[in-house]
Amino acid sequence: MRTTHAGFSVLLGPDYAGKSSVMSEFARASPSWRLISTDENFLEPAHALIGRLRRDLAVDVLPSLGRDYSPEFTASLLQTAVVHLRDRIEEGDRTVPTLVDSYYYKILAKCRLTGLGDNPMFTWWRSFPQPRRVVFLDVSPAAAWRRSGNGAAANRLEYYGERPDRAGFAAFQTRLRRLMLDEVSHLPVTVIRTRGDVVETAQAIREVLSDEDR
């Protein structure tokens, strides 16, 4: 059974949509908000392990995905991030406005795209508290490809194929977008196109979330 948590919203979007920049802008301009993310900039010292696991995933596991590390092993490592986000949500004050980066939705979609299908742990993730609203920060695959340095910054969970190319990246990102929106179809979702100015983008998101409180 999915339960809605009154105090948090989720910022979701494809790779290179600018979610981290928006979260940083929220931290600067909206200090009353509680921001939850596995990004090291938002981790408390007690949770430094999450940052180390994220780096190890990027450096050691993803380059060897399907060779030295199975998709199931990779998903098990990704689950540490999912449970961390859930724990931070559940320990928080429900009266404090809270914005969560991606939650489990993006990780689940990426696991499905790597061939895991209906892994039993997905059912557990879907039983976690649900946000009051999802803001989907959208970006076109073409713009995301440019932001990735034409694939230079892309990892194995961002494209199809052995090496990143524009076609494999666009195909993966298109399916990722569709799967993420499918995962949140039971929730109120507002789609916002990413803008060139992060301050303007963050303000548009803040207005959507503020309307929720009225």
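Everything numeric in this text was worked out from a predicted model, so none of it was measured. These numbers come from the heavy atoms of this one structure, side chains and all, not from hydrogens, waters or symmetry mates.
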Look at the side chain of [X] and the backbone N and O of [Y], then say whether any donor-acceptor pair between them is shorter than 3.5 Å.
X: Gln173; Y: Pro14; value: no
X: Arg147; Y: Tyr16; value: yes
X: Ser64; Y: Val61; value: no
X: Glu44; Y: Phe42; value: no
X: Ser30; Y: Arg28; value: no
X: Thr194; Y: Ala17; value: yes
X: Glu158; Y: Asn155; value: yes
X: Ser37; Y: Asp39; value: yes
X: Asn119; Y: Phe122; value: no

Common cluster, [X]/[Y], ILVMFWY with side-chain heavy-atom separation under 4.5 Å:
X: Ile107; Y: Leu43; value: no
X: Leu49; Y: Phe73; value: yes
X: Val139; Y: Val184; value: no
X: Phe169; Y: Leu62; value: no
X: Val191; Y: Val134; value: yes

Atom pair [atom1]/[atom2] of [X] and [Y] - distance to nearest 0.5 Å:
X: Glu25; Y: Ile205; atom1: CD; atom2: CD1; result: 10.5 Å
X: Thr114; Y: Leu65; atom1: OG1; atom2: CG; result: 6.5 Å
X: Leu209; Y: Thr190; atom1: CG; atom2: OG1; result: 8.0 Å
X: Arg193; Y: Phe136; atom1: CZ; atom2: CZ; result: 9.5 Å
X: Leu35; Y: Ser24; atom1: CG; atom2: OG; result: 8.5 Å
X: Leu78; Y: Tyr104; atom1: CG; atom2: OH; result: 15.5 Å

Do [X] and [Y] touch side chain to side chain, with heavy atoms closer than 4.5 Å?
X: Asn150; Y: Trp145; value: yes
X: Leu99; Y: Arg34; value: no
X: Ile192; Y: Val135; value: yes
X: Pro141; Y: Thr174; value: yes
X: Leu57; Y: Thr74; value: yes

Got a salt bridge between [X] and [Y], using NZ or NE/NH1/NH2 to carboxylate O under 4.0 Å?
X: Asp138; Y: Arg177; result: yes
X: Arg126; Y: Glu183; result: yes
X: Asp182; Y: Arg175; result: no

Whether over 12 other heavy atoms sit under 6.0 Å from Glu162 CD | no
Qualifying salt bridge (charged side-chain N to carboxylate O under 4.0 Å, His left out) pairs, either residue in residues 52-71, two or more places apart | Glu40-Arg55
Where does the angle between the aromatic ring planes of Trp33 and Phe26 fall among parallel (under 30°), tilted (30 to 60°) and perpendicular (over 60°)?
-> perpendicular
Going by the angle between their ring planes, with limits at 30° and 60°, are Tyr105 and His186 parallel, tilted or perpendicular?
-> perpendicular
Check the side chains of Trp125 and Gln79 for a donor-acceptor pair under 3.5 angstrom, ignoring hydrogens and angles.
-> yes
Assess the side chains of Ser9 and Arg133: does a donor N or O sit below 3.5 Å from an acceptor N or O?
-> no
Show your reasoning for whether side-chain contact (heavy atoms from CB on, under 4.5 Å) applies to Ile89 and Tyr103.
-> CA-CA 10 Å; Ile89 290 167; Tyr103 202 15; 3.5 Å; yes
Ring pair (Phe, Tyr, Trp, His ring centres under 6.0 Å) involving Phe172 - partner list, sequence neighbours excluded | Tyr160
With sequence neighbours left out, what residues match Arg178 under salt bridge (Lys or Arg N to Asp or Glu O under 4.0 Å)?
-> none
